[in-house]
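We count ligands from 1, going down the list as the structure has it; atoms in each ligand are counted the same way. Fair warning: this is a prediction, and the values are worked out from it, not measured in the lab.
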Amino acid sequence: MIELRQINKTYGSGAGVVQALKDIDLTVRKAEIFGIIGHSGAGKSTLIRTINLLERPTSGQVMVDGTDITSLPHHRLQERRRSIGMIFQHFNLLSSLSVHDNIAFPLRLSKQPKAETERRVKELIGLVGLEDHADKHPAQLSGGQKQRVGIARALATNPKVLLCDEATSALDPQTTQSILALLLEINRKLHITIVLITHEMQVIRAICDRVAVLDGGMIVESGDVASVFLKPQHRTTKDFVAQASDGSEAYAGLIDKERGKRTQVKITFIGKQTYEPVLYETMKEMNVPFAILQGTISRLKDTPYGQLIVELHAAGEEADRTLTALRDQGLDVEVLTVG
Ligand SMILES: Nc1ncnc2c1ncn2[C@@H]1O[C@H](COP(=O)(O)OP(=O)(O)OP(=O)(O)O)[C@@H](O)[C@H]1O
């Protein structure tokens with residue numbers, strides 16, 4: 001659906017040159033929610049703005065539905081842009097217009113018949129839950145309500161793709177949750193592909209299917225949210241995962257030599273396994289006692305997962321055999337400390 005091929009972007013020239021994006025290759029599938037996460041200055045805004053060419057790459061191709069939009073003449077690009085909606089951190093509403101007229105604005109620009117515009121605006125106001133606010137002006141709305149207007153306006157021309165530029169960064173946690181729930185509902189109901197940028201792992205874990213981690217203008221890690229979140233490889237990804245965790249990872253991992261041979265492991269369960277007694281049954285079969293030191297059971301979008309820090313009352317060959325048995329059950333097992 002969207003394919004970025006070897007995208008590079010530099011700003012400035014000579015000694016002041018900044019390479020904002022380096023050799024970016026990225027594919028976004030139809031109807032998925034794709035998240036791009038990175039620290040400030042990583043290149044997120046530049047990257048999302050290349051998808052609708054608000055920012056032209058210095059080199060590389062932006063393929064949308066098989067067409068390289070960097071090579072389209074201006075009028076064809078304008079047409080294409082109508083199929084890509086965008087929402088912004090600071091909403092970018094027209095302060096002199098009512099909620100109704102802000103949403104109608106793109107329809108009037110594209111010269112829709114008046115009756116059709118009215119029908120569509122009413123439908124969109126219903127979709128984003130602003131029925132009681134149609135005649136208000138942006139200054140009379142809360143941040144969350146303003147973003148709902150932004151979303152309705154972005155959807156007015158029936159785009160296939162919605163780009164979200166830090167759409168929840170200016171909102172409090174509760175309002176963030178309600179806007180994320182609305183984006184998820186829109187994705188599911190209308191099958192719109194959503195690409196979002198954020199510096200918050202919580203946003204990624206709440207609604208994204210796949211994620212790319214951006215650092216210094218490069219993609220340093222990407223994949224399904226569950227794999228990236230539960231098995232982070234790159235230092236930057238690890239930082240984001242730590243930011244989103246509740247601190248339960250910080251187990252007290254010292255083994256008391258007096259207590260004999262012990263092995264501490266981190267076991268990760270994903271999906272259906274989370275609710276099955278795999279751990280108990282394997283340990284019973286191996287006849288190895290164990291203690292659970294720390295545990296988390298949570299969800300990544302629709303995927304349940306569990307992570308346990310477990311101390312096996314075994315070491316050496318006996319521990320190795322037990323770890324193999326656990327891995328044979330499909331569990332991810334990482335050895336933390338061997339006694
Ligand atoms: N118009 C510009 N002119 C010169 N340099 C720019 C311009 N826009 C961005 N940059 C530089 O490009 C790099 C990437 O910036 P970008 O805004 O894409 O990052 P970001 O990850 O979105 O950061 P933030 O979260 O702070 O917005 C930064 O070093 C920034 O200073």
| query | If you measure from each heavy atom of Gly41 to ligand 1, is any distance below 4.0 Å? | reply | yes

Consider only side-chain N and O atoms of [X] and [Y], and report whether a donor and an acceptor are under 3.5 Å apart.
{"X": "Tyr11", "Y": "Thr58", "answer": "no"}
{"X": "Glu166", "Y": "His199", "answer": "yes"}
{"X": "Gln329", "Y": "Thr282", "answer": "no"}
{"X": "Thr67", "Y": "Arg76", "answer": "no"}

| query | Among protein heavy atoms, which sits nearest to atom 2 (C) of ligand 1, and what does the distance come to when rounded to 0.1 Å? | reply | Tyr11 CD2, 3.4 Å

| task | Looking only at protein heavy atoms, identify the closest one to atom 30 (C) of ligand 1 and say how far it is in Å. | result | Val18 CG1, 4.8 Å

| Ser40 to ligand 1: N or O pair under 3.5 Å? | yes

| said: With respect to Ala42, determine whether any N or O atom, backbone or side chain, lies less than 3.5 Å from an N or O atom of ligand 1. | reply: yes

| field | Within-cutoff protein neighbour (heavy atom, under 4.0 Å) for atom 9 (C) of ligand 1 | value | yes

| Where do Glu185 and Arg188 land on the salt bridge (Lys or Arg N to Asp or Glu O under 4.0 Å) test, with the steps shown first? | CA-CA 5 Å; Glu185 183 191 334; Arg188 288 188 170 154; over 6 Å; no

Give the atom numbers and elements of ligand 1 that come within less than 4.0 Å of a heavy atom of [X].
{"X": "His39", "result": "21 (O)"}
{"X": "Lys44", "result": "18 (O), 19 (O), 20 (P), 21 (O), 22 (O), 23 (O), 25 (O)"}
{"X": "Gly43", "result": "14 (C), 16 (P), 18 (O), 19 (O), 20 (P), 21 (O)"}

| Only one of Val195, Leu196, Ile24 clears side-chain contact (heavy atoms from CB on, under 4.5 Å) with Ile36; which? | Val195

| note | Filtering Ser169, Ala20, Ser45 for the heavy atom nearest atom 12 (O) of ligand 1 leaves Ala20

| message | Are Lys9 and Glu55 packed together at the side-chain level, in the sense that at least one heavy-atom pair is separated by less than 4.5 angstrom? | response | yes

| Thr46 and ligand 1 - part of the residue with a heavy-atom distance under 4.0 Å | both

| message | One thing to verify: whether Arg235 and Asp215 come together as a salt bridge, which I'm taking to mean a side-chain N less than 4.0 angstrom from a carboxylate O. | response | no

